[in-house]
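First up is the structure itself, then whatever we jot down about it.
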Amino acid sequence: MPQPLASVIETIKKTVTCWEVRSAPTATDRLEAVIARLELERVCGLLQDAFGPAAKAFGKPVKLEPAAQRIVDQLGGLRTDQCLFLKPEANGATAYAVLWPWTSDTTRVTVKIGVMDGAGS
């Protein structure tokens, strides 16, 4: 995983209110966590610093390129109220981050960060 992404994962783990971390505590190459919605703006800022602008912003429909759509499909899809960051890597892999606000509990947001190879795995 590229160093800026590992740094973002570490920063989120250490400084953001996480109700649940679903990835292994020692994982540095991926993160799946449930954060407090109050932390959303700060987490978005961290992700923008690492990835650049969102590939798909909250509330905006978007038609993704096939490679990006394969990543989204592997992650379980993407609704209009969700956000996606993508960053192609030199080795053909793509770093991703998704933010999924919960509809069942509006105080929570799931964040997933990781890297998929060109085949979507």
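These values consider heavy atoms only, across backbone and side chains, with no hydrogens, waters or symmetry-generated copies.
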Does any part of the side chain of [Y], heavy atoms only, come nearer than 4.5 Å to the side chain of [X], both counted from C-beta?
| X | Y | answer |
| --- | --- | --- |
| Trp100 | Leu75 | yes |
| Thr103 | Asp81 | yes |
| Val109 | Arg37 | yes |
| Thr17 | Leu38 | no |
| Ile113 | Leu47 | yes |

Exercise. Given the rule in the side-chain contact (heavy atoms from CB on, under 4.5 Å) test, do Leu99 and Phe85 qualify, once you have shown the distances and angles that lead to the verdict?
Worked result: CA-CA 9 Å; Leu99 295 161; Phe85 292 88; 4.1 Å; yes

If every non-hydrogen atom of [X] is compared with every non-hydrogen atom of [Y], which pair is closest and at what distance?
| X | Y | answer |
| --- | --- | --- |
| Ala68 | Leu86 | CB-CD1, 3.4 Å |
| Ala95 | Glu89 | CB-OE2, 3.6 Å |
| Leu78 | Cys83 | CD1-O, 4.2 Å |
| Gly59 | Pro61 | O-CD, 3.8 Å |
| Asn91 | Ala93 | OD1-N, 2.9 Å |
| Val62 | Ala55 | CG2-O, 4.0 Å |

Exercise. Should Trp102 and Val34 be marked as a side-chain contact (heavy atoms from CB on, under 4.5 Å) after you check the CA-CA gap, both sets of side-chain angles, and the distance that decides it?
Worked result: CA-CA 9 Å; Trp102 290 27; Val34 178; 3.7 Å; yes

Hey, is the main chain of [Y] close enough, under 3.5 Å, to the side chain of [X] for a donor-acceptor pair?
| X | Y | value |
| --- | --- | --- |
| Lys87 | Gly52 | no |
| Glu39 | Ala36 | no |
| Lys56 | Thr80 | yes |

Exercise. What distance do Asp49 atom CG and Ser7 atom OG have between them, rounded to the nearest 0.5 Å?
Worked result: 10.0 Å

Exercise. How many angstroms lie between CG in Leu40 and OG1 in Thr107, if you round to the nearest 0.5 Å?
Worked result: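 Spacing of CG (Leu40) from OG1 (Thr107) equals 12.0 Å.
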
Exercise. Between Ile35 and Phe58, is there a shared hydrophobic cluster once you connect ILVMFWY residues whose side-chain heavy atoms come closer than 4.5 Å?
Worked result: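 Shared cluster, yes.
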
Problem set entry | Criterion salt bridge (Lys or Arg N to Asp or Glu O under 4.0 Å) on Glu20 and Arg22, from CA distance to verdict | CA-CA 6 Å; Glu20 179 181 357; Arg22 297 175 181 158; 3.3 Å; yes

Problem set entry | For Ile12, the option from Thr15, Val16, Ile9 that meets side-chain contact (heavy atoms from CB on, under 4.5 Å) |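 That would be Val16.
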
Problem set entry | Leu64 and Leu84: CA distance, side-chain angles, deciding distance, side-chain contact (heavy atoms from CB on, under 4.5 Å) verdict | CA-CA 11 Å; Leu64 299 170; Leu84 169 70; 3.9 Å; yes

Problem set entry | Test side-chain contact (heavy atoms from CB on, under 4.5 Å) applied to Val98 and Gln82, step by step | CA-CA 7 Å; Val98 291; Gln82 298 170 333; over 6 Å; no

